[in-house]
K.L.:
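Quick one: structure below, then a few questions.
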Amino acid sequence: MQPISTTFFDRPVLDVARDLIGTILLVDGVGGPLVEVEAYDQTDPASHTFNGPTPRNAAMFGPPGHAYVYKIYGIHWCLNFVCQPGSAVLIRALEPTHGAHLMSERRGGLPTRQLCSGPGKLCQALGVTIAHNGMPLDTPPFQLLPGEPAEINTGPRIGITKGVETPWRFVLRNSPFLSKPLPRQ
DNA sequence: CCTGTGATCGTCT
DNA sequence: GACGATCACAGGT
């Protein structure tokens with residue numbers, strides 16, 4: 001199988017987000033298949049790009065297939081994959097299959113299900129920081145590899161106060177590694 | 001199972 | 001000066 005190229009990301013963000021579920025993300029060889037992501041674009045009041053370019057969100061207006069990393073609540077890092085200008089996919093959770101020992105060490109020995117079950121936890125487990133902001137995703141330390149076909153469910157996004165109804169959260173159906181289950185319908 | 005809260009600081013108004 | 005695409009822990013059900 002070929003690694004995923006940056007042209008994969010030069011498509012509508014909703015298509016990319018859906019297709020990312022099941023894709024294997026590794027950072028310096030550590031990670032696993034993505035089980036939860038969210039889409040954001042410039043028309044969306046919850047997006048960092050809603051009010052146009054700023055120094056922080058510059059990577060989201062740069063080339064597709066690069067990382068956008070920012071710090072939230074003064075504490076945690078969050079990793080996004082940049083798509084078409086002003087849009088990106090927030091990487092929220094993965095199944096920790098590669099480098100589990102290192103992830104556990106970085107996460108204080110917490111149980112496997114809690115190693116990467118949230119955007120801040122995932123960055124801590126994979127060692128992602130602002131140093132990765134703007135880096136291409138088809139070049140070390142990043143690796144993106146195709147995974148198995150996935151059954152996907154959608155729902156509203158987590159932790160936002162605007163655009164709360166927009167169902168742009170994509171999850172692997174029945175995964176035990178999500179940050180939260182989908183709401184009951 | 002659930003809800004509430006403190007931590008902590010960069011970013012933008 | 002206010003707030004945020006979060007997390008861990010505490011406490012009650």
Side-chain angles (χ1 to χ4, degrees), chain A residues 9 12-14 16-18 20-21 25 27 31 34-62 64 66-96 103-135 137 152-172 174-185:
Chain A
F9 295 96
V13 66
L14 295 181
V16 176
R18 176 174 288 272
L20 278 172
I21 297 298
L25 166 66
V27 179
L34 301 179
V35 300
E36 177 181 346
V37 302
E38 287 175 358
Y40 291 85
D41 79 11
Q42 201 172 353
T43 69
D44 163 19
S47 174
H48 289 177
T49 55
F50 185 63
N51 290 309
T54 67
R56 175 177 68 163
N57 69 24
M60 282 186 71
F61 291 96
H66 289 234
Y68 167 49
V69 181
Y70 67 93
K71 190 177 257 192
I72 186 67
Y73 296 106
I75 306 173
H76 307 288
W77 300 108
C78 289
L79 170 65
N80 297 251
F81 296 165
V82 176
C83 296
Q84 291 170 334
S87 72
V89 178
L90 172 66
I91 307 305
R92 288 193 55 91
L94 61 75
E95 176 178 352
M103 287 191 266
S104 174
E105 190 172 285
R106 288 167 171 165
R107 292 274 302 135
L110 287 166
T112 306
R113 295 220 313 260
Q114 296 172 38
L115 293 182
C116 298
S117 56
K121 303 177 192 181
L122 185 152
C123 283
Q124 188 183 13
L126 271 56
V128 171
T129 69
I130 192 64
H132 296 87
N133 189 43
M135 283 188 169
L137 299 171
I152 291 157
N153 285 352
T154 63
R157 296 169 294 181
I158 306 287
I160 52 174
T161 57
K162 301 167 191 164
V164 291
E165 301 289 311
T166 307
W168 286 1
R169 181 182 181 218
F170 296 83
V171 307
L172 176 62
N174 293 336
S175 172
F177 300 98
L178 304 182
S179 65
K180 266 183 88 161
L182 276 190
R184 300 275 314 170
Q185 65 163 307

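A, B, ... follow the sequence lines: proteins, then strands. Residue 1 opens every chain.
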K.L.:
Considering non-hydrogen atoms only, spot the tightest contact between A:Ala93 and A:Ser179 and give its length.
P.N.:
CB-N, 4.3 Å

K.L.:
So, does A:Asn153 use its side chain to make a donor-acceptor pair with the main chain of A:Val171 at under 3.5 Å?
P.N.:
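Side chain of A:Asn153 to backbone of A:Val171: no pair is present.
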
K.L.:
Can you check whether A:Leu126 reaches A:His132 side chain to side chain, under 4.5 Å on heavy atoms?
P.N.:
no

K.L.:
Test of understanding: with salt bridge (charged side-chain N to carboxylate O under 4.0 Å, His left out), list the residues that count as partners of A:Glu38, not counting sequence neighbours.
P.N.:
A:Arg92

K.L.:
List for me each residue that meets side-chain contact (heavy atoms from CB on, under 4.5 Å) alongside A:Pro181, sequence neighbours excluded, and say none if there are none.
P.N.:
none

K.L.:
If you write DNA chain C from 5' to 3' in dot-bracket form, with Watson-Crick or G-U pairs under 3.5 Å, [ ] for crossing pairs and | for pairs with another strand, what do you get?
P.N.:
||||.|||||||.

K.L.:
Are the side chain of A:Arg107 and the backbone of A:Gln114 linked by a donor-acceptor contact shorter than 3.5 Å?
P.N.:
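Yes, A:Arg107 side chain to A:Gln114 backbone: donor-acceptor pair under 3.5 Å.
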
K.L.:
Taking DNA chain B as the partner, which of residues 77-92 of chain A come within under 4.0 angstrom of it by heavy atom?
P.N.:
none

K.L.:
Below 4.5 Å, heavy atoms only, C-beta onward: do A:Leu178 and A:Val35 meet side chain to side chain?
P.N.:
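A:Leu178 vs A:Val35: side chains touch.
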
K.L.:
Restricting to side chain to side chain donor-acceptor pair (under 3.5 Å), what partner residues turn up for A:Arg106, sequence neighbours left out?
P.N.:
none

K.L.:
On DNA chain C, which is the earliest and which the latest nucleotide, 5' to 3', with an atom closer than 4.0 Å to a heavy atom of chain A?
P.N.:
C:dG4 to C:dA8

K.L.:
Using modelled atom types only, decide if a donor and an acceptor are shared between the side chain of A:Thr129 and the backbone of A:Ala131 within a distance under 3.5 Å.
P.N.:
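Yes.
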
K.L.:
Spell out protein contact along nucleotides 7-13 of chain B as letters: B when the base is contacted, S when just the sugar-phosphate is, - when no protein heavy atom is under 4.0 Å; keep the 5' to 3' order.
P.N.:
BBB-SS-

K.L.:
Taking only residues two or more places apart in sequence or in another chain, which ones pass side-chain contact (heavy atoms from CB on, under 4.5 Å) with A:Gln84?
P.N.:
A:Asp10, A:Pro12, A:Ser87

K.L.:
Does A:Phe170 have any ring-ring contact (aromatic ring centres under 6.0 Å, His included) partners at least two apart in sequence or in another chain, and if so, which?
P.N.:
none

K.L.:
Please name all residues satisfying side-chain contact (heavy atoms from CB on, under 4.5 Å) with A:Pro53, sequence neighbours left out, ordered by chain then number.
P.N.:
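If we apply the side-chain contact (heavy atoms from CB on, under 4.5 Å) test to A:Pro53, skipping adjacent residues, the hits are A:Asn57, A:Phe61.
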
K.L.:
Can you confirm whether A:Phe81 sits close enough to A:Val37 that some side-chain heavy atom of one is under 4.5 Å from a side-chain heavy atom of the other?
P.N.:
no

K.L.:
Under 4.0 Å from any atom of DNA chain C, heavy atoms only: list the residues of residues 119-128 of chain A that qualify, in numerical order.
P.N.:
A:Pro119, A:Gly120, A:Lys121

K.L.:
For A:Thr161, report the nucleic acid contact type (base, sugar-phosphate, nothing); a contact means any heavy atom under 4.0 Å.
P.N.:
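Touches sugar-phosphate only.
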
K.L.:
Which pairs count as side chain to side chain donor-acceptor pair (under 3.5 Å) when at least one residue sits in residues 66-80 of chain A, sequence neighbours excluded?
P.N.:
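As it turns out, the side chain to side chain donor-acceptor pair (under 3.5 Å) pairs with a partner in residues 66-80 of chain A, which skip direct neighbours, are A:His48-A:Tyr68.
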
K.L.:
To the nearest 0.5 Å, what is the distance between CD1 on A:Ile160 and CG on A:Leu90?
P.N.:
10.5 Å

K.L.:
Under 4.0 angstrom, heavy atoms only, what part of the nucleic acid is A:Arg107 near: base, sugar-phosphate, or nothing?
P.N.:
sugar-phosphate

